[in-house]
Amino acid sequence: MVYIKIPEEFGYEARELLNLFFPGNGFAFAEDTSRVSSHDVMITLDITGFNLKIELWQGNKNLYSETMHLESKDNTNQLKIPLKVLLYRCLSHYTGKKLPWGALTGIRPAKIVHSLFNQGTGPDAAYRKLVDYYNLSHSKARLTVEVALNEAEFIKNAGNNVSIYIGIPFCTSRCIYCSFPSVAINKYEHLISDYLKALHKEVRWAEQWLKDKNTAIDTIYIGGGTPTALPENALDYLLNHIVPVLPLENIREYTVEAGRPDTLNEKKLRIIKNAGVTRISINPQTMQDKTLKLIGRDHTTGQIIEAFNMARAEGFKNINCDLIAGLPEETEKDFEDTLIKIGRLNPENVTVHTMSVKRASRLINEKGNFKQTDDETVNNMVELAGAFLRKSGMHPYYLYRQKNILANLENVGYAKPGTEGIYNMLIMEEVQTILAFGAGASSKIIYPENRIERVFNVRNVEQYIQRIDEMIARKVKLLDT
Ligand code: SF4
């Protein structure tokens, strides 16, 4: 057993890293070191003055020791990163294991690079810092710097405007890995009209707020659920009566998730196109029929191709396709075949997610029923996707990580240059306020002094409808502070 003695306020950060080195229960926090036997391993971390010291002992034999001098230690947050770096090095030394993302456990690795750029650090020095200090693998460090460079032009000066997110929490069936706020449309059809009325109220409030603050909208993203699960008349009402309440004159991008091909037809695509939407997402996740069935998606690969061609015929010039590496039971060959089939569709964007088992998903309770892809295979799939998409003329333009992601990897958005999903970059790098409407939507307010606050709408659709005034009041309260 590995015991760790660490100041309490760093327990969360330490646990995150320890979980990656010892998945399951191979470690414990030791308040009382007398419980530790001479066979156990003991890690201690001490802060004395401006020195942070980590030691690893087995019995009375010291196996590792490192001290880091701190530039500043004004608050707990400033100590968290050096602490994680030291702990990572110590655990890596002890286990012989190297993690692709080194000491980084956060969601937004490229944010570190942007902050280095803002301090005047160049791309090469930023890359060295990721490798030498944070212990990233060379390929992850290269990827992160490349993403930050590709994002830079799109996110600069974004702070003066806001982006809008609208959540439509209805879908046709539930994918096993889904953790989004979404309910089956056939069971909740009776709520659609009241839901749209509530949404309309939130949007009307936003219109007034934007006018009062003389603030423009930069991008709009309609997600869910699957917005195109709405019947045609409801979709039409959303796009032609609710959204146009907002000042749309200066928007750079307008995205609608049309994720499930079984929700699409020519009429819906025409409604979306005529409403001025510039980017849609048709999400295969895989081009293997057997997997689609296994993960609870009630459509075939044939329907994906049909929906994609229909969207092209309606004139959509920017289509994203989401894929997942590491879906249950899939082999590398399956994934390669998916990439080839997606390549034939020739989308502008492909977002490659690595499978993650989220707490709000069905999969968390049904894990035992599926064969989980091993780390090496998922890693190969992710590498394969990167190489394939680069060869197809795309580059990585946004990047994020999640908890419980297979092989501790990442999600990467690839795009043909000039077609990048701007909203994705803005939300990931936290450079612009996002006002979010609908059940389960979370707004993120970015203040000039780098303070970030979040405000959440309730997830339950009925509750959202009943408590719409409260949802608006929550935002007012936060925005006025
Ligand atoms: S299509 Fe998207 S929203 Fe619908 S169930 Fe699947 S993951 Fe959830």
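Remember, predicted model here, so these are calculated numbers, not experimental data.
Contact check on Glu16 versus Lys403 returns a salt bridge, with a Lys/Arg side-chain nitrogen under 4.0 Å from an Asp/Glu carboxylate oxygen. Here Glu13 pairs with Lys80 in a salt bridge; the nearest charged N to carboxylate O distance falls below 4.0 Å. Ionic pairing of Glu330 and Lys371 is not present here: no N-O contact between side-chain nitrogen and carboxylate oxygen is shorter than 4.0 angstrom. A salt bridge is defined here as a Lys NZ or Arg NE, NH1 or NH2 lying under 4.0 Å from an Asp or Glu carboxylate O, and Arg89 with Glu66 meets this definition. The pair Asp337-Lys341 counts as a salt bridge, with a side-chain nitrogen and a carboxylate oxygen less than 4.0 angstrom apart. Of the charged side-chain nitrogens involved, none lies within less than 4.0 Å of a carboxylate oxygen, so that Arg108 and Glu410 do not count as a salt-bridged pair.
Taking each heavy atom of Ile446 and Val431 in turn, the nearest pair found is CG1-C, 4.4 Å. Closest of all the heavy-atom pairs between Thr121 and Ala126 is CG2-N, 3.6 Å. Shown here for Pro227 and Ile222, the closest heavy-atom pair between the two residues is CG-O, 3.6 Å. Gly224 and Tyr165 make their closest contact through N-OH, 3.2 Å (heavy atoms, listed as atom of the first residue, atom of the second, distance). Between Tyr423 and Ile164, the shortest heavy-atom distance links the atoms CE1-O, 4.2 Å. The shortest heavy-atom contact between Phe370 and Pro328 is CB-CB, 3.7 Å.
Relative to the six-membered ring of Tyr447, Arg451 meets both conditions, a distance below 6.0 Å and an angle of at most 45° to the axis. Cation-pi contact between Lys129 and Tyr133: present, with separation from the ring centre below 6.0 Å and deviation from the ring axis of at most 45°.
A donor-acceptor pair is defined here as one N or O able to donate and one able to accept, closer than 3.5 Å; no such pair exists between the side chain of Arg260 and the backbone of Asn283. At distances below 3.5 Å, at least one donor-acceptor pair connects side-chain atoms of Arg252 with backbone N or O atoms of Phe154. With hydrogens and angles ignored, the 3.5 Å screen pairs no side-chain donor or acceptor of Gln303 with any backbone N or O of Thr301. Under a 3.5 Å cut-off, the side chain of Thr338 and the backbone N or O of Asp334 do form a donor-acceptor pair. When atom types are taken as modelled, the side chain of Thr373 and the backbone of Gly326 share a donor-acceptor pair closer than 3.5 angstrom. Counting only distance, with no hydrogens or angles, the side chain of Ser443 and the backbone of Ala436 share a donor-acceptor pair below 3.5 Å. Judged purely by atom type and a 3.5 angstrom limit, Ser361 has no side-chain atom pairing as donor or acceptor with the backbone of Val357. A donor-acceptor distance shorter than 3.5 angstrom exists from the side chain of Arg362 to the backbone of Arg174, with no hydrogens or angles considered. A donor-acceptor pair is defined here as one N or O able to donate and one able to accept, closer than 3.5 Å; such a pair exists between the side chain of Arg312 and the backbone of Phe316. Not one N or O on the side chain of Ser65 forms a donor-acceptor pair closer than 3.5 Å with the backbone of Glu55.
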>> Apply side-chain contact (heavy atoms from CB on, under 4.5 Å) to residues Ile47 and Leu79 and explain how you reach the verdict.
In response: CA-CA 10 Å; Ile47 306 161; Leu79 289 172; 4.1 Å; yes
> After noting the C-alpha distance and the side-chain angles of Leu384 and Leu339, does the key distance pass the side-chain contact (heavy atoms from CB on, under 4.5 Å) rule?
Replying inline: CA-CA 9 Å; Leu384 196 67; Leu339 286 171; 4.1 Å; yes
>> For a side-chain hydrogen bond (donor to acceptor under 3.5 Å, both in side chains) check, start with the C-alpha distance between His353 and Tyr177, then their side-chain angles and the critical distance, and finish with the verdict.
In response: CA-CA 12 Å; His353 294 91; Tyr177 50 77; over 6 Å; no
>> Assess the residue pair Asn380 and Thr377 against the criterion (side-chain hydrogen bond (donor to acceptor under 3.5 Å, both in side chains)); give the C-alpha distance rounded to whole Å, side-chain angles, the decisive distance to 0.1 Å, and a yes or no.
In response: CA-CA 5 Å; Asn380 291 345; Thr377 307; 5.6 Å; no
>> Evaluate Arg474 against Asn457 for side-chain hydrogen bond (donor to acceptor under 3.5 Å, both in side chains), listing each step before the verdict.
In response: CA-CA 8 Å; Arg474 285 181 184 183; Asn457 281 354; 5.5 Å; no
> Passes side-chain hydrogen bond (donor to acceptor under 3.5 Å, both in side chains), Glu420 versus His395? Steps please.
Replying inline: CA-CA 9 Å; Glu420 294 83 351; His395 64 186; 2.7 Å; yes
> Would Val378 and Met355 satisfy side-chain contact (heavy atoms from CB on, under 4.5 Å), going step by step from the backbone distance to the final call?
Replying inline: CA-CA 9 Å; Val378 187; Met355 184 71 189; over 6 Å; no
>> If you apply the rule side-chain contact (heavy atoms from CB on, under 4.5 Å), what do you find for Met471 with Val458, and how did you get there?
In response: CA-CA 8 Å; Met471 300 305 107; Val458 287; 4.0 Å; yes
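A ring-centre distance under 6.0 Å is found for Tyr88 and Phe21.
Rounded to the nearest 0.5 Å, atoms CD1 (Ile427) and CD1 (Ile434) are 4.5 Å apart. Distance check: Gln432 CD to Lys444 NZ gives 11.5 Å after rounding to the nearest 0.5 Å. How far CG of Asn250 is from OG1 of Thr219: 12.5 Å, rounded to the nearest 0.5 Å. Note that CZ of Phe335 is 5.5 Å distant from CG of Leu323, once rounded to the nearest 0.5 Å. Here Ile422 contributes atom CD1 and Arg279 contributes atom CZ; the two are 9.0 Å apart, rounded to the nearest 0.5 Å. Summarising the geometry, atom CG belonging to Leu294 is positioned 8.5 Å from atom CG belonging to Leu327; distances are rounded to the nearest 0.5 Å.
Partner of Ser281 under the side-chain hydrogen bond (donor to acceptor under 3.5 Å, both in side chains) criterion, out of Thr226, Asn320, Asn318: Asn320 alone. The one candidate from Val147, Asn424, Asn411 that meets the side chain to side chain contact (heavy atoms under 4.5 Å, CB included) condition with Leu399 is Val147.
For Phe180, the CZ atom is loosely surrounded, since the number of other residues' heavy atoms within 6.0 Å does not exceed 12. In this structure, Lys290 places its NZ atom where more than 12 heavy-atom neighbours from other residues, nucleotides or ligands lie under 6.0 Å away. Heavy-atom contacts from other residues, nucleotides or ligands closer than 6.0 Å to CD of Glu376 number 12 or fewer. Environment of NZ in Lys97: crowded, with over 12 heavy atoms of neighbouring residues, nucleotides or ligands closer than 6.0 Å.
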